[in-house]
Enquirer: 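Sharing a structure here in structure tokens format.
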Amino acid sequence: MLVGLLIIVPLIASLLVFFTKGNTSRTVALGLSVVEFMLSLVVLFQYKHNPASADLALNCPWVESLGIHFAVSIDALSMLMVLLTTFLVPLIILSSFNSSYEKPNSFYGLILLMQMALLGVFTANDGFLFYVFWELALIPIYFICLLWGGENRGRITFKFFVYTLFGSLFMLVGLIYLYNHTGFSTGIKSWAVTDLYQTGKSLNLHQQSFVFWSIFLAFGIKMPIFPLHTWQPDTYVNAPTQGTMLLSGIMLKMGTFGLIKWLMPVTPLALAEWGWLAIALSVFGIFYASCIAIVQKDYKRLIAYSSIAHVGLIAAGILSANQQGIQGAVMQMLAHGVNVVGLFLIADILMRHTGTREMEKLGGIRNMNGNFAVLFLIVMLGSVALPLTNGFVGEFLLINGVYQYGAWVAAFAALTVILGAVYMLRSYQAIMLGEKKDSAIAFGSLEGSDKWVLYIICAAIIAFGVYPKPLNDLAEEGTKAILTYINN
Amino acid sequence: MLNGIPINFYIMLSAVLFIIGAVGVMARRNAIIIFMCIELMLNAVNLLLVAFSTLHNDASGQVFVFFIMAVAAAEVAVGLAILSMVYRNFKTIDIDLLSRLKN
Amino acid sequence: MKGLFIISALGILAMLAEIFKFKKLLYPIVLVGILAAYVTNFMEWGQNNMSITMFNNMIHFNDMSLAFSGVILITAFFWFILANDYFEQDHVTDHFALVLFALVGALMLTSFRNMTTLFLGIEILSIPMYVLAASRKRDLASNEAGFKYLIMGSFASGFLLFGIALIYGATGSFDLMTIRSFISHANGDLPSFFYAGVLMVLVAMLFKVSAAPFHFWAPDVYEGSPTVITALMSTIVKTAAFAAFMQLFIIIFGGVSQSWSMVLAVVIALSLVVSNITAVSQQSVKRMLAYSSISHAAFMLMAILANTRNFGSINAILYYSLAYSIGSIAAFTVLYNVSKAKNSSNFEAFNGLGKRHPFMAACMVIAMLSLAGIPITAGFFAKYFVFSVLIGTSFKWLIILAILTSAVGVYYYFKVIIAMYFKEEEIHEEVTMETSHVLLLVLTTLFTIALGIVPNYVIEIFS
Amino acid sequence: MIKLVALIPLFPLLGFIINGFFGKKISKSLSGWIASLAVLASFVVSLLIFMELEHSEVKSHIVPLFSWINSDTLKIPFEFLVDPLSSWFLLIITGIGFLIHIYSMGYMHDDEGFARFFTYLNLFVFFMLLLVLGNNYLIMFVGWEGVGLCSYLLIGFWFKNTAYNNAAKKAFIMNRIGDLGFLMGIILIFVTFGSISYDQVFTIASTGNEGTVTAIALLLFIGAMGKSAQLPLYTWLPDAMAGPTPVSALIHAATMVTAGIYMIVRSNVFYSMSEQASHVVAIVGVATALFAATIGLFQNDIKKVLAYSTVSQLGLMFLGLGVGAYSSSVFHVTTHAFFKALLFLGAGSVIHAMGGEQDMRKMGGLWKHLPITGKVMAIGTLAISGFPLLSGFFSKDEILAHTYEHSPTLWFFGQVASILTAFYMFRLLFLTFFGKFRGTHEQEHHLHESPSTMTIPLIVLAILSMFGGVLGLPEFWGTTNWFHHHLDPIIAHKNPSILNHTKEWTLMFIATAAALATIFFAYMVYIKNNILPEAKDEKLTGIKKLIYNKYYVDEIYEAVIRKPLDLLSEGFYKFLDLQVVDGIVNGVGSAVTGVSSLVRKVQTGHIGFYIFGMVLGIIAILFFTFIK
Amino acid sequence: MLGYTITQWLFGILSFLAIMFALMVVFTRNPVNSVLYLVLTFFCIAGHYLLLNAQFLAVVHIVVYAGAIMVLFLFIIMLMNLNADTEPRKHIVTRVIAGLVGGVLLFVMVGALKGAEQLQLVHGGSSQIGLVKNLGKVLFSEFLFPFEIASVLLLAALVGAIMIGKRDTNINSKESTN
């Protein structure tokens, strides 16, 4: 029941927020999202206490005749993703306190609606439900980007929408195909995830390949991996900061999460047959996006490309299908979620304080605000996966996992260690260091909410870098569970 | 009274009439003539139905022809009404000039 | 069965209203009448033996036809609310009568059991539609629309009749059940002109549901007709046509599907491509909706193509037509009000609607999402059912094509959304809406979402 | 006490936290003292632990802290290892670290970033301690990257200067290149042995096949090359002199750069197993030693000379490692830490006095102005040059002796590097302290000896540089080499000396003679003949120019790596991404629109055409059904 | 006569005439002539009906088509004053193509409609089905429902025709494009 509450609360919150006005909207939204975070902590507590608790699973028939159930549950993996979501959403809301948006009620309502959909995606145990939530997550973010985005938002958000929708329709076909093959022995068709696993395995290579690619396409676009990524930088740059945070911090994880839960265990044969290609794309994407990030001039776009690089490594880790790879991917998903929100907030702060994100025009901000420089530095270090920051654990495990798939692949993938440092340090230097440029002169001290968000993020970066055990244990457990499905 | 004509002949005859009607619809510009060609097509069908009716010694074919006639009459009534209205507004019933709605 | 009679009576009543001077009362009477028809329709549910003996199996209301009648009646009810102020003009009683007569035809198409009733049903449905399309007498577009519809409709009727004649020739009967048993007894030993007949009937039906390459009339007629009539065409007429199509080709000609399924597949593919591609460059929302209706027709045809025996296809079509009708009504309601205020049905007319009239814009968004097939709207499940029945067949490539074209489809649906929320209005014209229309929008939007959340009640009808 | 080893990194961490959060709010001296005392506390604990270990029977103690990363079979606890090697390094780090902290209080006194400086220094000490204390490779890696970060922060300490920032960035990135090798090495260790904890890995190391072990050793060595500035990853170190001088002393001379040595000594099991890897280490070492020494000959920046000298000395240490003289290398690390820290700090004192001037061409005759500094610098120079009985003499000699044992050729090159070292170091000494003052009048007026916070550490270090050699007196003198015995427990394969005493004596003699001759030569050149380096860089020609410009290695990197990478990136972005990939996506979009505007033309509006289309459709249907 | 029965002769002649007249309908430029040719075609078809023993239907056919519908056509043509050869013709290419398409359609249809060779007209003179009595029985029993519902059709057509034909009472009523 708890898990049902987890999904319902943001929905109710979103409806409530729709009926507020002005600044109350954001306060209410923040309050409710914090409540949701508390709730997720309760869930965590419950999970730690008794993972098999009935509170953590909900399964009621939805469309009985089609075997569709509203089946959601918390396992280790979804617990982590839920925590990530509920942790980030209040931060994202808080980070918006210094921007004034028109129609704040709609804005925050949509964010909370999005949260609901995301939580649904992460907890769904029914293929159909997963798909529905998956698509549902697209709509609020589309409107967030369309209504509050930058200049070219019409065209760009549209491209984003069509691109991702296009992918997910293929996923739908793949899922339906699986569903149609369920109940081979019993005659009862089912959307339950375990049934889909079994069905997937019973298919021959040809069929599995069909399923694999049709589903992979959706995830590949969402993450995104090379060469399906071109919607992403434009969208990130044009979306309002909070939208970008949602997109990169959480929504991106839908793809990687989907890969782990909804693809890997389903098509083992196809994975063996085609995994190399998917990994090759992911790994090439790391190098490719890192290189591109190096030559970016707009800081937000740079982060966007860095995100592609990160997610390439995550995907490669997942596809290498071993404990370290997947666990690393999970850890990196959490870390990346937190870090990238921090980075985009920084981009937003820069924009707000200096009016530009062009790195050529920025410079020397450290002279004006050392505090900000330190916070920025910490977030950046998290992003380049320095040890004792949260990024490191995941990255180490990921490279380890990929290494077990192929040493040279790993070596190539690990170029991100170097290239990541190159573009991150370059941008940090360009923005913060050196003599102060004109744009930096007006850079005063940070507003309270920005500061707090950054504090929290930095605290998280360091805390979970030094002591990742709580998350890591969950990730390990979740990975083991998935691997038993994959290997059986 | 008149045995010995293969049904094929009737089928072919009505097919030919039907196609002549269709060609008329395609080839003419005068809406009334097009209408008449459609009537011709319907009559081709009528003929075929009657032939089959006799073939099967089944009256329902002929009854069906009644309904076609009724419908044809109704269609003509409505059609000519619309046509005259079009003529009123466009001052022509040349179908090639009735092409403002396009693309 | 009784519903059919009630509607016929209502039609005649409407006709007489002018003579007996109760014009003012007519509107409520009609609404109540439609509800009554719906209720009686509903009450007949489950009694499968109605009227077989009474009418020599000319017409037969079983659960399936009742379900489709239900869809048609619900849509009709909504439509009458939409058409509320359309009827404030001249010839109100005539309009009422014509629409009601068309409804009679539509109901017949859900329940015919004989080629005669099929033919009559189609004509009873079509002839009032020809008139209604042309009903703005001094509007050249309306004239042209009515005229085109008439000519092409009659032409298609010719093919229908030729097909029926050939089938009659081969089987010796107009009775569908007889034909069906004839087919199953023949074991494939049928004269080739029988197949030609089937194909000609197919062509005629494809024309009625406006599938490429028999779709040419649809965009022109939709655009030229008065908006409310276009709404009628794209909902009730389409549903009825599909009910007929489905009965013919799943139930009757399902036995000879090998003769028509490939043809149908190609037609579907062509329709998907042509409609979606063409819709992209439309400037008029109305015309865009016309092309979109072609693509929806293609989707419903896919369900027919799948031709599954376990009611999967029928469910899919039923659900699809309901979802599509409701969504269309909502879209047309907004379009009607916008174009009334702005005197244009182009995309530009929608500019800035998101700011000016958020409620209307929101409803339009839901409608567009539904038409685009995005969860959790009704349109999504509609597409889902189609995919799920088709995926078991050898026509999987059609699904891929459908996805590709759906992505294109999103483009033009979202053009409306982008116009409403992203573009600025150039000249401000106050868009006002009657209370009844607000109510209608609320109803249809809720209905759309409810259908998307709990589709059970519709799709489990035949399980 | 050993159980409390966690205190050692904890003190600097606390210092870091206090200074980090409150540095701006408290007075400069307070923050300086907090930082220094934190390191002192660590030093005291280290010393106590060292003593305890010395008297303990068991030479290796694992102190678990908490479980860090667990992934199925990969279990990485956060635990510390106290053994002779780590305890020795603890002493060096905290000891020299403390002295440098004290020195910095004087040196950085006027800097506005005073507290920040100590924050970074403490953080550095913390990471450096983690590096040597960790009981598995990943904790070493943590420290490894951590010190890299601190190095980055401290090189770019004066962040307004773009050149400094570039140097910092370069240091970080070059280190990262090495780190990547290290990381891959760690992973290969895990994949091969199923663990990365030293105790577990080393006990089963012999089960690994030689190819794998070689790969591991080489990957680790790549890491060492980056951190310890070996060819070809050395260029960052001279640039790193951009940082404040105490930083150069602590990080870029005494401690961090020796992390590579520590790592290889720690992993000596692998290197002992792999002949090839050892060869590579030795060759890279000697090449670096020689290469850097030649560059050092012509540098005019006082710190750059020291930097190249550091690179060269590190090369020498790697040579020692490559020939299996692990403890000798550690010994040299120790003595090098003494005298190089001394030299850097002395140089710092000079720079301090000169008001920031680093160019030796503008110095000279400082001996009388800076008496203490001059003297300690002289001691340091003698020590590094291998002047008999000073610390450098013993440690360098050990390495060279072992090298000779291994390969006389390598020994020769090592010896040459050593001679060059003596030459440029004395060049430095003579140019700086002797002759006439060549700076501006204002500078001359300003010259003064540094405050006692700076001179005291110098004196302490000078003493250590003089007498540090007693730790490892050569055994053929009949004394015990304490150092060897101390490190014995951690060396897997000891190779006892096969040289006879005569040979050892000969080698020692050659070394001494060469050093003295070189010193004399330098004296002749710079004091007697008073030959000064060209005042203008442009006037250099030929080889000199080549060497002065560091063999254009930076330029080569620029041309071979950076430019192509930038070009590739631009190509990826401008062409592949925007044109091809996105072009395809957008192309599909515009293709649809384009096709659409074509297709819509089909809808001509003519009924005749429509009917025509329908009939064609019917014909097609009938044709394909019945005729074909 | 040449081995053909009278029926066959009659069939041949009637068919020939029907086709000829039908072609004339299409090819005559003057609409009035077209109408008249169509009436002739209808007479030929009525002849066929007689041959097929559908006497009643033949009569009805003449009455309805020739007597009513065609008169209506003529009436409209006269009303619009189209009694001339001035109708603009489609482009010659269009017409040729139309003819060709017709030919192809015929070819395809012939291909499609084969398979009836084995079926012979089984009943001839003895058949009573075409008589009024018989047809009436069928119409009012079996086809009662369509018969009744056809009244709806006719009503609809009636209402529609009236509505279209009627002049608007208020000419200046709002007229918009919806």
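First the proteins, then the strands, lettered A, B, ... as listed; each starts at 1.
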Enquirer: Are there residues of residues 197-207 of chain C that reach to under 4.5 Å of chain D by heavy atoms, and which ones?
Expert: C/Leu199, C/Met200, C/Val203, C/Phe207
Enquirer: Taking all non-hydrogen atoms of both residues into account, name the closest pair between C/Glu144 and D/Gly605 and its distance.
Expert: OE2-O, 4.3 Å
Enquirer: From D/Leu622 CG over to C/Ser192 OG, what is the distance, rounded to the nearest 0.5 angstrom?
Expert: 10.0 Å
Enquirer: More than 12 non-hydrogen atoms from neighbouring residues, nucleotides or ligands closer than 6.0 Å to CZ on D/Phe66, yes or no?
Expert: yes
Enquirer: Search all heavy atoms of D/Ser596 against all heavy atoms of C/Thr278 and return the closest pair with its distance.
Expert: OG-O, 3.5 Å
Enquirer: What do you reckon, is CD of C/Gln258 surrounded by more than 12 foreign heavy atoms closer than 6.0 Å?
Expert: yes
Enquirer: Among C/Tyr291, C/Phe155, C/Phe216, which residue forms the greatest number of heavy-atom pairs with chain D at distances under 4.5 Å?
Expert: C/Phe216
Enquirer: How many angstroms lie between CZ in C/Phe214 and CD1 in D/Ile611, if you round to the nearest 0.5 Å?
Expert: 11.5 Å
Enquirer: Would a 4.5 Å heavy-atom cut-off, applied to side chains only, mark C/Arg287 and D/Arg600 as touching?
Expert: no
Enquirer: For C/Val263, which atoms come within 4.5 Å of any heavy atom of chain D: side chain, backbone, both, or neither?
Expert: side chain
Enquirer: From D/Thr593 OG1 over to C/Tyr411 OH, what is the distance, rounded to the nearest 0.5 angstrom?
Expert: 5.5 Å
Enquirer: Are any non-hydrogen side-chain atoms of D/Tyr610 and C/Asp220 less than 4.5 angstrom apart?
Expert: yes
Enquirer: Taking the side chain as C-beta and beyond, is there a heavy-atom pair between C/Phe159 and D/Ile618 under 4.5 Å?
Expert: yes
Enquirer: Restricting to non-hydrogen atoms, name the atom on D/Met614 and the atom on C/Ala156 that form the minimum distance, rounded to 0.1 Å.
Expert: CE-CB, 4.3 Å
